[in-house]
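Only a predicted model underlies this, so the values are computations on that prediction, with no experimental measurement involved. Order of appearance sets the numbers: ligands from 1, and atoms from 1 within every ligand.
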Amino acid sequence: MTQIKLQNFDLDYFLKHHWQQQPCVIKQALPDFVDPIDEHDLAGLASEPDIDSRIVSRQRAKQENQQGEQWQVSHGPIEDFASSCQGDWTLLVQAVDQHIPDTLPLVSLFNFLPYWRIDDLMVSYSVANGGVGPHLDQYDVFIIQGKGKRRWQVGDQGNYQDIFPHPQLRQISGFKPQIDEVLEPGDIIYIPPGFPHNGVALEECLNYSIGFRAPNQNELLSNLSDAVQESEQFKQRYSDANIPSRQHPSLVLNSEIQSLKQLMIAMIESPQSDQLLLQSLSQTTAVEPMDAVDHYTEQQIIEAFQQGHSFLRMSEAKALFQEQQSSDNFIFYIQGQQFCVPMIAKESLLQLFAVDEFNDLNTIKNQADLEFAKIFTILINAGYWYLAE
Ligand code: SIN
Ligand code: CO
């Protein structure tokens with residue numbers, strides 16, 4: 001698995017002028033792009049019950065006296081491709097990075113953004129004229145053009161009228177394009193949230209969309225509350241010595257509402273809630289339970305390194321840690337699980353977390369290497385890393 005890098009891309013300029021602000025096209029960001037998967041792999045994923053997939057198709061009126069177009073949406077698992085793939089159609093599959101390890105380097109291209117913001121890799125295959133129609137997304141997305149060509153139009157932010165040409169298809173009624181370009185293999189388009197866009201395949205093509213998540217208050221609070229419940233912490237109770245009398249028992253005083261809010265604010269502001277927040281951010285919802293994995297001993301792992309083997313990271317192993325931890329231990333989270341390990345292992349762990357393929361531990365030189373091997377064995381046995389073939 002080779003780590004690839006974006007070309008023709010000025011990161012500082014992008015972060016200053018585009019990220020969350022303006023869409024842009026990066027021509028030949030990935031020259032000589034080779035698709036890590038094809039439409040047959042994608043169809044295989046779409047037929048699986050636990051994988052989120054859909055086919056969106058549009059049938060245009062065939063005769064002149066017929067009007068308009070008919071949209072259809074079929075949700076996976078797709079059993080009968082023939083009946084769903086009518087007219088101009090596109091097959092979209094979510095979280096492909098969790099199922100096809102060869103696609104992980106496409107997600108890692110964007111490691112200049114933090115793991116906690118990265119959502120998943122959605123891959124689509126479209127026949128000529130296929131697309132999901134003009135729409136808005138709530139998330140930032142980088143769309144890599146794989147094989148084939150696709151015309152992308154992107155408009156400006158604004159108030160657009162939702163239309164539903166099918167009950168499960170939210171589109172918008174039209175926008176003035178600011179970007180109107182044909183993407184070729186290896187080109188990338190970046191679209192910030194709320195910018196209307198429409199991608200229409202000019203020929204059969206594959207697209208790789210790396211989506212980012214930005215929780216809203218509702219999601220943040222409900223995820224934090226799950227972590228709080230699990231943690232058995234925060235048992236400070238409301239109290240009201242000198243409670244004021246009132247004219248009606250139904251009345252809740254404003255000062256009481258303020259005190260209750262204060263109790264919750266104190267919880268959110270406490271140092272313990274930092275850890276709970278990290279714990280909940282490290283959990284990606286799309287993840288299924290890990291398959292049964294091999295059980296290695298620490299010695300076997302050390303030997304594997306000595307023999308030159310390398311280890312690959314699962315896409316869901318996006319470790320998170322907080323800066324300025326005060327303890328002697330290094331604390332990090334993967335999929336909601338807390339790991340609290342001796343500080344001497346931190347440096348090697350950070351190297352491990354940042355790459356897709358790891359083979360740096362050739363010899364055990366010191367206590368830090370030994371400690372690292374011990375923790376890495378635990379992470380491998382938990383299914384987060386695995387031995388490359
Ligand atoms: C795609 O069809 O690959 C992307 C759909 C979108 O614009 O979100
Ligand atoms: Co979109």
Next item on the list: Taking atom types as modelled, find out whether Y333 and Q275 have a side-chain donor-acceptor pair closer than 3.5 angstrom.
Entry: yes
Margin query: Strictly distance-based, threshold 3.5 Å: is any side-chain N or O of S126 a donor or acceptor partner for the main-chain N or O of E204?
Written below: no
Check: CD of Q70: more than 12 outside heavy atoms within 6.0 angstrom?
Finding: no
Margin query: Below 2.8 Å, which protein N, O or S atoms neighbour the Co ion (ligand 2), ignoring water?
Written below: H135 NE2, D137 OD2, H197 NE2
Check: Which ILVMFWY residues are connected to I189, directly or by a chain of links, through side-chain heavy atoms under 4.5 Å apart?
Finding: V25, V141, I143, W152, V154, I179, L183, I191, F195
Check: Name the residues with a heavy atom less than 4.0 Å from ligand 1?
Finding: L92, M122, S124, H135, D137, R150, W152, H197, N207
Next item on the list: Determine, for R117 against D140, whether the closest basic-nitrogen to carboxylate-oxygen distance falls under 4.0 angstrom.
Entry: yes
Check: Side chains of N207 and Q145: is there a donor and an acceptor less than 3.5 Å apart?
Finding: yes
Check: How far does CG of L281 sit from CH2 of W116, to the nearest 0.5 angstrom?
Finding: 6.0 Å
Item checked: N159: side chain to side chain contact (heavy atoms under 4.5 Å, CB included) partners, not counting sequence neighbours -> none
Margin query: Checking ring-ring contact (aromatic ring centres under 6.0 Å, His included) between Y190 and each of Y139, W19, F110, which is the one that passes?
Written below: W19
